[in-house]
Amino acid sequence: MNKILVICGPTATGKTALAAQFARVFNGELISADSRQVYRGMDLASGKDRPDVPIWLYDVVAPDEEFSVSHWVRLARTAIADIIKRGKLPIIVGGTGLYINALLHPFETIDIPPNKALRKKLYKLSVSDLQKMVTRGDINDSDWNNPRRLIRKIEIKKFQPRRPADLQAFDYLIIGLSASLSVLDTRIDERLKKRLRQGMKEEIMSLLKTYKKELPSMTAIGLNEHAYARRQLTWFKKQTDIHWFDIRSETCADDIELLVRKWYT
RNA sequence: GUCAGGAUGGCGGAGUGGUCAAUCGCAACAGACUGUAAAUCUGUCGCCCUAACGGGCUCCCCAGGUUCGAAUCCUGGUCCUGACA
């Protein structure tokens with residue numbers, strides 16, 4: 001079966017660097033699993049490292065274009081097929097857990113597109129009005145007051161859910177890179193300082209000037225990366241098939257390489 | 001030095017006699033998550049006990065006072081800010 005290696009984990013753990021290293025060792029190519037790095041022009045803001053190995057799914061859309069898991073999975077599958085065809089190892093690397101999950105475990109509502117007209121109407125409604133259109137049991141408690149999810153639920157109702165067409169399954173190995181929150185926080189702070197020095201603010205300003213209007217891709221300006229890392233950990237924590245490694249361990253990279261080697265050869 | 005304004009929980013900032021352990025925002029902590037995911041949403045957030053309902057304690061710069069009752073009123077301190085010197 002087709003093998004793909006996945007390297008995930010919270011932000012600021014050095015995923016890309018490690019993935020690039022493995023790409024060299026195992027003759028692979030990278031595929032970024034990051035919901036912001038797909039946008040052109042957001043280099044510093046989205047933390048695009050440019051390794052000296054091929055990396056896919058950077059800069060695939062303009063900042064004002066629509067993009068979502070669905071698009072990403074499609075592109076990722078195309079990239080994977082291409083890489084495999086050339087006899088190389090696809091290495092998925094990134095911190096957007098939903099994307100990775102959707103690639104590995106396709107779900108049936110993923111390709112139901114947004115209904116613009118319907119959304120426009122629904123966005124004007126209050127949360128309690130939206131709730132009247134959804135069955136309580138159809139949505140989890142935490143999302144009962146979440147307008148986006150409520151609207152999405154209503155939107156989906158109008159469609160017949162269908163199993164995604166016979167999608168190719170993968171033989172995958174997932175490596176998780178992590179560290180304690182306090183370690184991550186200091187790494188995040190240092191990285192942010194560096195990016196600001198490199199001109200991150202200017203990059204954002206010029207993007208805003210170019211596109212003026214609010215960009216779906218720019219909702220994260222003024223973001224709180226500490227909280228973000230925390231949320232990523234919450235998500236990844238419950239994925240059961242990740243092999244975790246602590247980046248502070250001296251032998252981290254070697255341990256991982258050993259595991260990958262065992263799986264790959 | 002004089003005049004004016006102000007000191008509230010990690011921060012910002014409401015409240016100006018009782019229903020105040022004190023609205024709200026941020027941060028923090030825990031959680032959810034399936035076409036916006038760096039997003040969106042839920043819960044906790046003075047201390048202690050309880051599985052929970054609930055209960056106890058200490059609180060709004062400090063010290064006194066008024067009052068049945070004070071974060072809120074009065075007096076005196078201390079510190080901060082703006083204006084005049």
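A quick note: this is a predicted structure, and the numbers were derived from the prediction, not measured. Letters A, B, ... mirror the listed sequences (proteins, then strands); counts begin at 1.
- Put simply, CH2 on Trp235(A) is 17 Å from P on rC41(B), counting in whole angstrom units.
- The residue Asp141(A) sits apart from the nucleic acid: no heavy atom pair falls under 4.0 Å.
- Between Arg230(A) and the phosphate of rA30(B), there is a side-chain N or O to OP1/OP2 separation shorter than 4.0 Å.
- We find that CZ of Arg231(A) is positioned 15 Å from C1' of rG43(B), with the value rounded to whole Å.
- Minimum heavy-atom separation, Ile112(A) to Phe159(A): CG2-CD1, 3.5 Å.
- Taking atom CG of Leu75(A) as the reference point, atom P of rG35(B) lies 17 Å away to the nearest angstrom.
- The side chain of Arg148(A) lies closest to rA39(B) when the candidates are rU42(B), rA39(B), rG35(B).
- Within the nucleic acid shown, His105(A) has no heavy atom closer than 4.0 Å to any nucleic acid atom.
- With a 3.5 Å ceiling on both atom-pair distances, the Watson-Crick or G-U wobble partner of rG1(B) is rC84(B).
- Using a 3.5 Å distance cut-off with no hydrogens or angles, the side chains of Arg152(A) and Thr109(A) do not pair a donor with an acceptor.
- Taking only side-chain atoms of Lys237(A), from C-beta outward, the nucleotide of rA27(B), rA37(B), rG31(B) with the closest atom is rG31(B).
- One P atom belongs to rU23(B), the other to rG18(B), and the distance between them is 16 Å to the nearest Å.
- For His71(A), the ring-ring contact (aromatic ring centres under 6.0 Å, His included) partners are Phe67(A), not counting sequence neighbours.
- Using a 4.0 Å heavy-atom distance criterion, Lys153(A) is classed as making no nucleic acid contact.
- Listed pair Arg152(A) / rG35(B) meets the phosphate criterion, a side-chain N or O lying under 4.0 Å from OP1 or OP2.
- Both tests do not hold together for Lys237(A) against Trp235(A): distance to the six-membered ring centre under 6.0 Å, angle to the ring axis within 45°.
- For the 3.5 Å distance criterion, the side chains of Ser70(A) and Arg74(A) qualify, holding a donor opposite an acceptor.
- Nucleic acid contact for Trp72(A): none, since no nucleic acid atom lies under 4.0 Å from a heavy atom of the residue.
- A 4.5 Å side-chain heavy-atom check between Glu257(A) and Arg261(A) finds at least one atom pair inside the cut-off.
- Looking at the side chain of Arg149(A), the nearest of the listed nucleotides rG35(B), rA27(B), rA39(B) is rA39(B).
- Across all strands shown, rU75(B) pairs with rA63(B); the Watson-Crick or G-U wobble distances both stay below 3.5 Å.
- Proximity note for Asn146(A) (side chain, C-beta onward) versus rG35(B), rU42(B), rU40(B): the nearest is rU40(B).
- Side-chain atoms of Tyr99(A) do not come within 3.5 Å of backbone N or O of Ser32(A) as any donor-acceptor pair.
- Between rG64(B) and rC53(B), the two C1' atoms lie 41 Å apart (nearest whole Å).
- The side chain of Glu66(A) has rG35(B) as its nearest neighbour among rA37(B), rG35(B), rG31(B).
- Considering only the side chain of Asp143(A), rC33(B) comes nearest among rA28(B), rC33(B), rG31(B).
- Separating the CZ atom of Arg136(A) from the P atom of rA32(B) is a distance of 17 Å, rounded to the nearest angstrom.
- Pairing partner, rU58(B): none, since no Watson-Crick or wobble contact has both distances short of 3.5 Å.
- Comparing rU19(B) with rA70(B), their P atoms are spaced 11 Å from each other, to the whole Å.
- rC41(B) and rA37(B) have their C1' atoms separated by 12 Å, with the value rounded to a whole Å.
- Atom P of nucleotide rA32(B) and atom CG of Asn140(A) are separated by 10 Å, given to the nearest angstrom.
- Less than 4.0 Å separates RNA chain B from at least one heavy atom of each of the following residues of residues 93-103 of chain A: Thr96(A), Leu98(A), Tyr99(A).
- Take the nearest nucleotide of RNA chain B for Arg195(A) and for His71(A): the residue whose nucleotide is more 5' is His71(A).
- Atom name P, nucleotides rA27(B) and rA63(B): the rounded distance is 34 Å, in whole Å.
- At distances below 3.5 Å, at least one donor-acceptor pair connects side-chain atoms of Glu203(A) with backbone N or O atoms of Leu44(A).
- At least one side-chain heavy atom of Arg136(A) sits less than 4.5 Å from a side-chain heavy atom of Asp141(A).
- Distances from the side chain of Arg119(A) to the nucleotides rU42(B), rA39(B), rG35(B) place rG35(B) closest.
- The nearest whole Å value for the distance from the OH atom in Tyr228(A) to the C1' atom in rA27(B) is 19 Å.
- Under the Watson-Crick and G-U wobble criteria, each requiring two contacts below 3.5 Å, nucleotide rA28(B) is paired to rU44(B).
- With rA28(B), rA30(B), rA39(B) as the candidates, the nucleotide lying closest to the side chain of Leu181(A) is rA30(B).
- Look at CG on Asp138(A): it is 17 Å from C1' on rC41(B), rounded to the nearest Å.
- A 4.5 Å side-chain heavy-atom check between Thr16(A) and Lys48(A) finds every atom pair outside the cut-off.
- Thr11(A) comes within 4.0 angstrom of no nucleic acid atom, judged by non-hydrogen atoms across all strands.
- Nucleotides rU66(B) and rC74(B) are separated by 7 Å at their C1' atoms, to the nearest Å.
- Across the interface with RNA chain B, nearest-nucleotide mapping of Pro114(A) and Trp144(A) shows Pro114(A) to be the residue nearer the 5′ end.
- Separating the CG atom of Asn145(A) from the C1' atom of rU40(B) is a distance of 12 Å, rounded to the nearest angstrom.
- Distances shorter than 4.0 Å separate some side-chain N or O of Thr109(A) from OP1 or OP2 on rG35(B).
- Separation of the C1' atoms belonging to rA22(B) and rA71(B) is 8 Å when rounded to the nearest angstrom.
- In this structure, the side chains of Asn2(A) and Ile80(A) stay at 4.5 Å or more apart for every pair of heavy atoms.
- Closest to the side chain of Lys238(A), out of rC33(B), rG31(B), rG35(B), is rC33(B).
- Within the nucleic acid shown, Ala45(A) comes within 4.0 Å of at least one base atom, counting heavy atoms only.
- Rounded to a whole angstrom, the distance from the C1' atom of rU72(B) to that of rA14(B) is 13 Å.
- Applying the 4.0 Å criterion to OP1 and OP2 of rG31(B), one finds that Thr234(A) has a side-chain N or O inside that range.
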